[in-house]
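There's a structure below that I have some questions on.
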Amino acid sequence: MICPTCAHDNLPGSEHCSNCLHDLTQLDQPTAQDRVERSLMDDPVSGLKPRQAVTLPATATVGEAIQTMLASDIGALLVVDESGRLVGIFSERDLLTKVATISDYAGRPVRDFMTARPETVRQTHTLAFAVHKMDGGGYRHLPVLEDGHPLGMISVRDMLRHITRLCQCQSK
């Protein structure tokens with residue numbers, strides 16, 4: 001990496017010029033090597049065409065949440081307050097880790113078992129940003145919000161489908 005101040009040729013990835021100590025961190029930007037990397041770096045979350053958000057109020061029961069998840073064939077639903085703003089997410093993982101040990105769960109409110117204040121993304125965030133959040137937090141689902149209101153949900157499966165399509169197009 002060439003220093004813009006003194007023209008010294010530094011090792012790739014250097015944070016500072018070894019000659020004049022100029023900060024080089026802003027110059028070391030990743031570049032896409034193929035179609036998949038370019039898509040992850042440039043394409044917005046909206047490109048995945050997120051599923052419409054399936055929501056329930058925080059006062060809904062766990063039994064209602066389970067029925068909604070089964071009827072909608074989804075692994076997570078969004079919990080909203082009276083004004084429709086996201087307050088939590090209720091997922092299969094919550095069922096397995098928080099609900100499974102309790103015998104009288106069906107009539108209890110979903111707010112007792114949901115994951116409050118989940119990580120979220122906006123439609124304009126890049127796919128790489130979403131993947132980073134999913135990977136870093138171990139999440140399989142991310143709500144897509146606008147002004148605190150759920151628009152949809154993206155999942156790891158959505159990402160895999162997108163990447164698979166890119167790979168299929170690339171090999172043809």
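In this text the structure is predicted, and so the values were computed from the model without any measurement.
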Can you tell me how far the CZ atom of Arg35 sits from the SG atom of Cys167, to the nearest 0.5 Å?
-> 9.5 Å
Euclidean distance, His8 NE2 relative to Ser18 OG, rounded to 0.5 Å | 3.0 Å
For the hydrophobic clusters of this structure (ILVMFWY residues joined by side-chain heavy atoms under 4.5 Å, transitively), does one cluster hold both Val54 and Leu145?
-> no
Would you find a donor on one side and an acceptor on the other, under 3.5 Å apart, between the side chain of Asp81 and the backbone of Ser83?
-> yes
Quick one: do Ile74 and Val121 end up in the same hydrophobic cluster if we chain Ile, Leu, Val, Met, Phe, Trp and Tyr together by side-chain heavy atoms under 4.5 Å apart?
-> no
With a 4.5 Å limit on heavy-atom distance, are the side chains of Thr5 and Cys17 in contact?
-> no
Contact summary for Met159 and Ala130, nearest pair of heavy atoms | CE-CB, 3.6 Å
Rounded to the nearest 0.5 Å, how far does CG of Asp158 lie from CG of Leu127?
->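 With rounding to 0.5 Å, CG (Leu127) is 10.5 Å from CG (Asp158).
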Evaluate the criterion side-chain hydrogen bond (donor to acceptor under 3.5 Å, both in side chains) for residue pair Ser91 and His141; output intermediate values, then yes/no.
-> CA-CA 8 Å; Ser91 68; His141 300 89; 5.9 Å; no
How about Met153 and Pro50: do any of their side-chain heavy atoms sit closer than 4.5 Å?
-> no
Do Glu64 and Gln67 come within less than 4.5 Å of each other through their side chains, counting heavy atoms only?
-> no
Step by step, work out the side-chain contact (heavy atoms from CB on, under 4.5 Å) result for Ile102 and Phe113.
-> CA-CA 11 Å; Ile102 298 170; Phe113 303 100; 3.4 Å; yes
Between Arg157 and Arg140, does a side-chain contact (heavy atoms from CB on, under 4.5 Å) hold up when you go through it step by step?
-> CA-CA 8 Å; Arg157 184 174 291 165; Arg140 293 181 300 176; over 6 Å; no
For Phe90, which of Leu95, Leu56, Leu78 qualifies under side-chain contact (heavy atoms from CB on, under 4.5 Å)?
-> Leu95
Among Val79, Asp94, Ile66, which residue meets the side-chain contact (heavy atoms from CB on, under 4.5 Å) test with Val110?
->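 Only match with Val110 under side-chain contact (heavy atoms from CB on, under 4.5 Å): Val79.
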Can you measure from CZ (Arg85) to NE2 (His149) and round to the nearest 0.5 angstrom?
->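 Interatomic distance, Arg85 CZ to His149 NE2, rounded to 0.5 Å: 5.5 Å.
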What are the two closest heavy atoms between Arg111 and Met114, and how far apart are they?
-> O-CG, 3.7 Å
Charged N-O contact under 4.0 Å between Arg108 and Asp112 | yes
Do the side chains of Val45 and Leu142 join up, straight or via other hydrophobic residues, at under 4.5 Å, putting them in one cluster?
->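 Per the 4.5 Å side-chain linkage, Val45 and Leu142 are co-clustered.
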How long is the span from the CZ atom in Phe129 to the CG atom in Leu40, to the nearest 0.5 Å?
-> 14.0 Å
If two hydrophobic side chains count as joined below 4.5 Å and joins carry through other members, does Ile2 share a cluster with Leu11?
->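 Shared cluster, no.
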Taking it one step at a time, do Ile154 and Met134 satisfy side-chain contact (heavy atoms from CB on, under 4.5 Å)?
-> CA-CA 10 Å; Ile154 60 170; Met134 289 174 156; 4.1 Å; yes
What are the two closest non-hydrogen atoms of Pro143 and Pro118, and how far apart are they?
-> CG-CG, 4.3 Å
Roughly how far, to the nearest 0.5 Å, is the CG atom of Asn10 from the CG atom of Leu24?
->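 Interatomic distance, Leu24 CG to Asn10 CG, rounded to 0.5 Å: 5.5 Å.
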Side-chain contact test, heavy atoms from C-beta onward, threshold under 4.5 Å: evaluate it for His22 versus Cys3 and give yes or no.
-> yes
Are the side chains of His162 and Asp43 in touch, meaning some heavy atoms are under 4.5 Å apart?
-> yes
Cluster check Val144, Tyr139: I/L/V/M/F/W/Y, side chain < 4.5 angstrom | yes
Residues, nucleotides or ligands: over 12 heavy atoms within 6.0 Å of Glu37 CD =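 Count over threshold, so yes.
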